[in-house]
Number of protein chains: 2
Amino acid sequence: MDEAPVPVELARLWRISSETRRGRPARLDVDAVVDAAIALADRDGLAAATLPKVAESLGVTKMSLYRHVGSKEELVALMADAAGPPPADLREGDGPWRERLGAWAEALADRLERHPWLADLRVTGPPSGPNGIAWFDAGLRAMRRSRLDWGPKVRTVMIVSDYVQGMARLAQGLAAGRGGADQAAAELAYGKAMAALVDPARFPDAAALFASDTFADTGADTAEADFRFGLDLILDGVAAQAD
Amino acid sequence: MDEAPVPVELARLWRISSETRRGRPARLDVDAVVDAAIALADRDGLAAATLPKVAESLGVTKMSLYRHVGSKEELVALMADAAGPPPADLREGDGPWRERLGAWAEALADRLERHPWLADLRVTGPPSGPNGIAWFDAGLRAMRRSRLDWGPKVRTVMIVSDYVQGMARLAQGLAAGRGGADQAAAELAYGKAMAALVDPARFPDAAALFASDTFADTGADTAEADFRFGLDLILDGVAAQAD
DNA sequence: CCCAATTAGTGTCTCTAGGATACTATCCTT
DNA sequence: AAGGATAGTATCCTAGAGACACTAATTGGG
């Protein structure tokens, strides 16, 4: 009776060690590599988490990393799973689904704030690592008391998670455009040019929007309010579906 | 009285020619470069739209492209704007906002299906090119008859557009995992391993989900139904906000 | 009519990244 | 102590973005 042969990438994701104790002992392990890569990405963005830089930060040559991670793509998958496990208190509690799902979304947003590069990742499939599953599980648990079937539940969790990621992207994009005086001057020129280019005859609604003072107050705490607006909107939608 | 000096990237986005007719006439222009890049990305993905390959497809050296696009990053921005302008019939019509916004979302989804690489792009700010503005304008116009203020309108348009993009990503991710027999075998092993790894004690809800037959029917037309489910959910949410 | 300014496209170089392959170093087991 | 197994290294290759100095093809002015 053979055990099912777990694919090697899955084994690494779940940190299933091969139990061998022969040969030269390792200085590195999957966690060391992944943690170093996450530290680099947290500091300087996903593009900074290159194999040479990760190796250097570990005091090792880049090729040695391949003993532990298989490929760059797999490293990114490992990083994505390892970064920001779900907080324990998401599992407990037993309030109404709307509150719990909202709290789950906030926790997700918090994770994306701590690890901004997560918003750059492309999801290639269902969650398959321990932390990905844990987040997914927590999302499903938040909706336990709703009357929805599995299908709608899964879709709802995905919609909320997509929303959070989209907002994180947007916030990061806006935050990126906050530099010195040159930046401000450039933005002014940009704004003026845009006002001239968005012809009211061609783009009546967009022109009316730009002419309004909607974009006047882009303060710091509007971000939180914007986030809540969309989240409430989606939760209203869920409530409508759940009857 | 000077005209406002339009930043050069904006000038290229809006195809404002510099009106000069001196010197050697150009074989290339911005559109030629951008169209070639889009063709490559449509065929083989965003990663295939490299400067060398674009240059080769135009019968020119890669450095000549810099006469027309400034940088790779700018080329991508130009591609994003140029790909798939909004269909004309989105502008006409005067139905209820819910139908119009739904139609707008479907049109967006259609665009992402024609140009899958658009789903890989990171939005770095508000739309600024002619087609980006046109899509945005069409989205706002769809909501004209709603009673929402500009702020909620803008956020709603963004939420819907984010949703469409998220679903496109997901659909593409699933579609990518449809290969030959090896693929099927790998997926089977994967599924078995996952079933063993997702321990019901640790992940009760996720385990219950995987144990159900929710993922049994992943047929082709479920995709469209899934899309509609989320879209209706969001539109319900908008309706709730619009009272 | 020709020359000089102007603009288009080229050739060559550098830097950085991911990764293949063959190697050496180090340890455990027998 | 020997030898097999595993960890980490040295050296190579490919590919992409882009800097820089070059040549080529125009046109407008003297």
Side-chain angles (χ1 to χ4, degrees), chain A residues 8-9 11-12 15-37 40-41 43-79 117 120-122, chain B residues 8-9 11-12 15-37 40-41 43-79 117 120-122:
Chain A
V8 61
E9 325 90 45
R12 280 195 279 254
R15 307 293 193 282
I16 298 171
S17 67
S18 38
E19 291 293 350
T20 175
R21 207 165 299 188
R22 297 212 296 231
R24 182 179 174 179
R27 295 174 50 190
L28 265 44
D29 59 5
V30 176
D31 279 310
V33 175
V34 171
D35 290 349
L40 284 169
R43 193 178 342 272
D44 302 315
L46 191 58
T50 68
L51 295 181
K53 285 181 193 151
V54 172
E56 193 194 349
S57 85
L58 290 166
V60 114
T61 64
K62 75 177 173 4
M63 291 316 291
S64 70
L65 302 179
Y66 284 105
R67 288 275 150 193
H68 305 278
V69 297
S71 72
K72 178 67 188 294
E73 194 183 345
E74 196 190 316
L75 174 59
V76 173
L78 288 163
M79 292 168 67
W117 48 272
D120 293 328
L121 298 182
R122 165 110 199 210
Chain B
V8 60
E9 326 88 48
R12 281 196 278 254
R15 307 294 193 282
I16 298 170
S17 65
S18 40
E19 292 293 353
T20 175
R21 205 163 302 187
R22 296 211 298 231
R24 183 178 173 180
R27 295 173 50 190
L28 264 45
D29 58 5
V30 175
D31 279 310
V33 175
V34 171
D35 290 350
L40 284 170
R43 191 175 347 269
D44 302 315
L46 191 57
T50 68
L51 295 181
K53 283 181 193 150
V54 171
E56 193 194 349
S57 85
L58 289 166
V60 112
T61 63
K62 77 179 178 341
M63 291 316 291
S64 69
L65 301 180
Y66 283 106
R67 289 275 149 193
H68 303 280
V69 297
S71 72
K72 178 67 188 295
E73 193 183 345
E74 197 191 314
L75 173 59
V76 173
L78 288 163
M79 292 168 68
W117 48 272
D120 293 328
L121 298 182
R122 165 106 199 214

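In this text the structure is predicted, and so the values were computed from the model without any measurement. What's counted below: heavy atoms across the whole structure, side chains too, no hydrogens, waters or symmetry copies. Lettering follows sequence order; numbering is per chain, from 1.
- Using a 4.0 Å cut-off on heavy atoms, the residues of residues 63-76 of chain A that approach DNA chain C are A:M63, A:Y66, A:S71, A:K72, listed by number.
- Across all their heavy atoms, B:M79 and B:A41 have their closest contact at CE-CB, 3.8 Å.
- Note that CD of A:E9 and CD of A:E73 are 10.0 Å apart. Values are rounded to the nearest 0.5 Å.
- Put simply, B:K62 has no side-chain N or O that comes within less than 4.0 Å of OP1 or OP2 on C:dG11.
- Here the straight-line distance linking atom NZ of A:K53 with atom CG of A:L40 works out to 8.0 Å at 0.5 Å rounding.
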Base-contact (B) and sugar-phosphate-only (S) positions in nucleotides 25-30 of chain C, heavy-atom cut-off under 4.0 Å, - elsewhere: BBBS--
Side chain to side chain contact (heavy atoms under 4.5 Å, CB included) between B:L78 and B:R15, intermediate numbers included: CA-CA 10 Å; B:L78 288 163; B:R15 307 294 193 282; 4.0 Å; yes
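- When B:T61, B:L75, B:V33 are each tested for a side chain to side chain contact (heavy atoms under 4.5 Å, CB included) with B:L51, only one passes: B:L75.
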Side chain to side chain contact (heavy atoms under 4.5 Å, CB included) evaluation trace for A:T50 with A:K62: CA-CA 9 Å; A:T50 68; A:K62 75 177 173 4; over 6 Å; no
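- The only member of B:V30, B:D29, B:V34 that meets side chain to side chain contact (heavy atoms under 4.5 Å, CB included) when paired with B:R12 is B:V30.
- Residues B:A49 and B:V54 approach most closely at C-CG2, 4.3 Å, considering heavy atoms.
- With a heavy-atom cut-off of 4.0 Å to chain B, the contacted part of DNA chain D has its first and last nucleotide at D:dG16 to D:dG28.
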Check against side chain to side chain contact (heavy atoms under 4.5 Å, CB included), B:V60 and B:R27: CA-CA 10 Å; B:V60 112; B:R27 295 173 50 190; 3.6 Å; yes
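- The nearest whole Å value for the distance from the CG atom in B:L51 to the C1' atom in C:dT10 is 15 Å.
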